[in-house]
Amino acid sequence: MNDTKERIQIVFRDIFDDDSIVLRDDMTAADVENWDSLNHIDMIVAIESEFKIRFTTAEVTSLKNVGELMALVDKKRAAKP
Amino acid sequence: MTFTEPLFLLYLVLCVVLNRLCPARGRAAFLLLASYAFYLTWSPPAAAILAILTLVTFAAGLALAKAQALAPVLAILLTVYLMAFKVALLTPSHGIAGLIMPLGISYYSFKLISYVLDVHWGKIPAEKSLLNFAAYIAFFPQIVAGPIQRPGDFFAQLPPKPVHLVNPILRIAWGLVKKLMIADNLAPAVNAIYGHLTSLHGAPLWAAFYLFPLQLYADFSGLTDIAIGSGQLLGVTGPENFDRPFTASSISGFWRRWHMSLTTWLVDYVFMPLRMASRRAGAWGLSFSIAVNMVAIGLWHGLTGSYLAFGLLNAAYLIVDTLTNKRRAKFFKQNPAWDRAGSWLGWLLTFHLIFIAEVFFRSPHVSDALWLLGHLASGLAGSGELLRQVVEETGRHALAIGLVGYLILELGERFRPDLWLRELYSAGPRWLRWSFYSSGVMASILALALFLVHAAGKRAPFLYEIF
């Protein structure tokens, strides 16, 4: 079962300190009040430890929205042995 | 040729007309031609350097698919090229920069670097058209002082489509008002005080402390308005640089509203890679990334001690702001009664902390800044006379016009009467809309004519033209 979205949503609610966040594919930093460049990487680190995966700088900097983030996490999870 | 010269406005009008007459397919070529013609009036050798760097970066972009390692090498070489000129400016004879000073080097180097890294990171495909790429790098409304547009954003607007002319013209007129009526009228008093710091104390130093940031904002945001308006007249809208910066109630809020095209550039290409590399290092990693980023913002303006101090001071502010952010948010959540007082105090504190940093920005040497800050309170009682003398010498009227103008600027940007006027007349009949448009255009033309006559004698360069 794919639980990527639920687990990322829990990370978002924790890092950005807002329990009302509901993820959408087209969501960007502009849609989440506390999401800015200063805590963006905190969220990335939390996702890395949640799923035991590693991102590269190129992957992180080219993400355009939450949909792309979820797709990237799915890709990394599928590639894991 | 700079933005407040009549020649620039004539050139712009000519380009807008020709651009519109040009078939859509030829417009990128036309913009390239117009941009190089503009650049050649500055210096043909500098234009040759610009062309060579453009060609090399374009070729590298195409080769990146096969040679990944080329990207960091080229990004470093371009940074070294920019630094070499900044270092040369520090020597008495200005070294290479004394022979050729490439106009807008700080702006176009950043465009070249962001293109290389965006292609390397897969954000955009390598541009196939040399014409489009060269037009992006040399685009004349942005080359003097930004805003620093990202390659993807620029290419997406090609070929440029004709736009409604009224809004860009009003924006250029507003930019000229900010520069000529506000900034240039605040400048004489600021320059006089900063020019004689060590013979002054008390009141005049307070005046310079508060006036310079207002002058800088009016000057630089005016320049940006003219750049964005000119770009829009040619069919390319550049990124915004300011969002009412002095209303910010935190340091991080201020830096999200000030010189945005530079700060977002540094966030993407300096802060984020550093933050990713140091992400396991907790608060130390975060503090280190912020410090490097803010020092880079300072030194981008020039490799001097006072720009370094400006960067370090802002780094310290921002680190404290970021590390205490969660605790403050929790406190205000638990004590909602304090929320209002908190944001008011936050605004007052941010405003003054930024103004302290701007003292270093304006001072040629750190010692001058320390003198100003150290003598604000000394001999305050009898210093009113000193301030009166400075104001008399530099023009009481100029200062009054500058200050009233600044008040109009702040109120105008806060309440945006232009937006509700537009709402009002867009609901009205056609004749009403057109009378608004035509009176707006007539007023701008009149304002332009008045200011051009006014500025003809004593044109002061924009503060951000020198970077």
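Reckoned from all heavy atoms, side chains included, excluding hydrogens, waters and symmetry mates. Convention: sequence-line order gives letters A, B, ...; per-chain numbering from 1.
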Chain B contact via A/Ile44 - side chain, backbone, both or neither, heavy atoms under 4.5 Å = side chain
Under a 4.5 Å heavy-atom cut-off, does chain A meet the side chain of B/Phe271, its backbone, both or neither?
-> side chain
Under 4.5 Å from any heavy atom of chain A - which part of B/Ile124 = neither
Using a 4.5 Å cut-off on heavy atoms from C-beta on, say whether the side chain of B/Trp255 contacts that of B/Leu266.
-> no
Which of the residues B/Arg279, B/His120, B/Lys123, B/Met272 is involved in the greatest number of heavy-atom pairs with chain A at under 4.5 angstrom?
-> B/Arg279
Could you look at A/Glu48 and say if it's the side chain, the backbone, both or neither that has a heavy atom under 4.5 Å from chain B?
-> side chain
Are any non-hydrogen side-chain atoms of B/Lys333 and B/Lys330 less than 4.5 angstrom apart?
-> no
Is the closest side-chain donor-acceptor distance between B/Asp153 and B/Tyr136 under 3.5 Å?
-> no
May I have the step-by-step check of side-chain hydrogen bond (donor to acceptor under 3.5 Å, both in side chains) for A/Arg77 and A/Thr4, ending in yes or no?
-> CA-CA 9 Å; A/Arg77 291 181 76 189; A/Thr4 305; 2.9 Å; yes
Which bit of B/Leu286 comes within less than 4.5 Å of chain A, counting heavy atoms only: side chain, backbone, both or neither?
-> side chain
By side-chain contact (heavy atoms from CB on, under 4.5 Å), B/Ser287 pairs with (sequence neighbours left out) B/Ile319, B/Leu323
